[in-house]
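First up is the structure itself, then whatever we jot down about it.
Scope of the values below: all heavy atoms of this structure, side chains included, with no hydrogens, waters or symmetry mates. Note that the structure is a prediction, hence the values are computed from the model and not measured.
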Amino acid sequence: MNIRISIGSTIMVATLEDNPTARDFATLLPLTVTLRDFSAAEKVSGALPKHLSEDGAPATDAGAVGDIAYYAPWGNIAFYRGRGPDASGVIKIAKIISGIEALNQQGNVRATISRND
């Protein structure tokens with residue numbers, strides 16, 4: 001399933017992973033979040049409305065450019081514009097396939113995530 005992420009006038013398109021965490025995330029859509037700079041590599045949201053499934057998740061993972069991941073310890077999502085550190089609780093839920101330049105904006109941005117099917 002593809003999802004659409006609107007940040008201002010820029011649209012990103014991402015493909016959801018086929019895992020329990022991504023399927024659980026899809027049940028929250030549509031969803032609007034505020035993303036803030038966490039590091040040079042990431043923009044992160046606040047906590048999601050509910051914790052997502054961690055069934056079958058790897059013990060650790062590191063986000064790559066274009067990944068969208070659920071960070072289980074904080075219950076939020078991270079959008080990677082650079083390589084993230086290997087950390088426990090990082091679960092990849094989607095891969096951005098277009099529009100990643102929207103993540104290059106500095107500071108807080110509002111993002112609306114919806115199904116694109």
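Looking at every heavy atom in both residues, Gly99 comes nearest to Thr10 through O-CG2, 4.1 Å. Counting all heavy atoms, side chain and backbone alike, Leu16 lies closest to Ala26 at CD1-CB, 3.9 Å. Between Ala62 and Gly84, the closest heavy-atom pair is CB-O, 3.4 Å. Of all the heavy atoms in Ala111 and Leu35, the pair that sits closest is CB-CD1, 4.0 Å.
Applying the salt bridge (Lys or Arg N to Asp or Glu O under 4.0 Å) criterion to Asp61, with sequence neighbours excluded, gives no partner residue.
The CD atom of Glu54 sits 11.5 Å away from atom CG of Asn19, with the distance rounded to the nearest 0.5 Å. A distance of 6.5 Å separates CG of Leu52 from OG1 of Thr21, quoted to the nearest 0.5 Å. Rounding to the nearest 0.5 angstrom, the gap separating the CE atom in Met12 from the OG atom in Ser6 is 9.0 Å. In this structure, Ile5 CD1 and Ile113 CD1 are separated by 6.0 Å, a value rounded to the nearest 0.5 Å.
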Does the side chain to side chain contact (heavy atoms under 4.5 Å, CB included) test come out yes or no for Lys50 and Thr27, once each step is laid out? CA-CA 11 Å; Lys50 71 172 192 165; Thr27 67; 3.9 Å; yes
Side chain to side chain contact (heavy atoms under 4.5 Å, CB included) evaluation trace for Arg36 with Lys43: CA-CA 5 Å; Arg36 65 177 173 84; Lys43 276 197 175 293; over 6 Å; no
Could you go step by step and tell me if Arg115 and Asn2 meet the side chain to side chain contact (heavy atoms under 4.5 Å, CB included) rule? CA-CA 6 Å; Arg115 293 174 184 255; Asn2 283 343; over 6 Å; no
Go through it in stages, so that I can follow the logic: the residues are Asn116 and Val13, the test is side chain to side chain contact (heavy atoms under 4.5 Å, CB included), and I'd like the CA-CA distance, side-chain angles, deciding distance and then a yes or no. CA-CA 8 Å; Asn116 193 32; Val13 176; 4.1 Å; yes
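Note on residues 36-70: pairs passing ring pair (Phe, Tyr, Trp, His ring centres under 6.0 Å), not counting sequence neighbours, are Phe38-Trp74.
Glu42 pairs in a side-chain contact (heavy atoms from CB on, under 4.5 Å) with only one of the listed residues (Tyr71, Tyr80, Phe79), which is Tyr80.
The same ILVMFWY cluster, assembled from side-chain heavy atoms under 4.5 Å apart, contains both Ile3 and Leu28. The hydrophobic cluster containing Val33 does not contain Val44, counting ILVMFWY residues as joined when their side-chain heavy atoms lie under 4.5 angstrom apart, directly or transitively.
There is no side-chain donor-acceptor pair under 3.5 Å between Asn108 and Thr34. In this model, a donor atom of one side chain and an acceptor atom of the other lie less than 3.5 Å apart for Thr112 and Thr32.
At most 12 non-hydrogen atoms from other residues, nucleotides or ligands lie less than 6.0 angstrom from CZ of Arg4.
Asp24 places a side-chain N or O within 3.5 Å of a backbone atom of Ser53 that can act as its donor or acceptor partner. Although no hydrogens or angles enter the test, the distance criterion places a donor-acceptor pair under 3.5 Å between the side chain of Ser45 and the main chain of Ile77.
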Tell me which donor-acceptor pairs under 3.5 Å the side chains of residues 88-96 have, and how far apart each pair is, sequence neighbours excluded?
from, atom 1, to, atom 2, distance (Å)
Lys92, NZ, Asp67, OD1, 3.4
Lys95, NZ, Val65, O, 2.7
Lys95, NZ, Asp67, OD1, 3.2

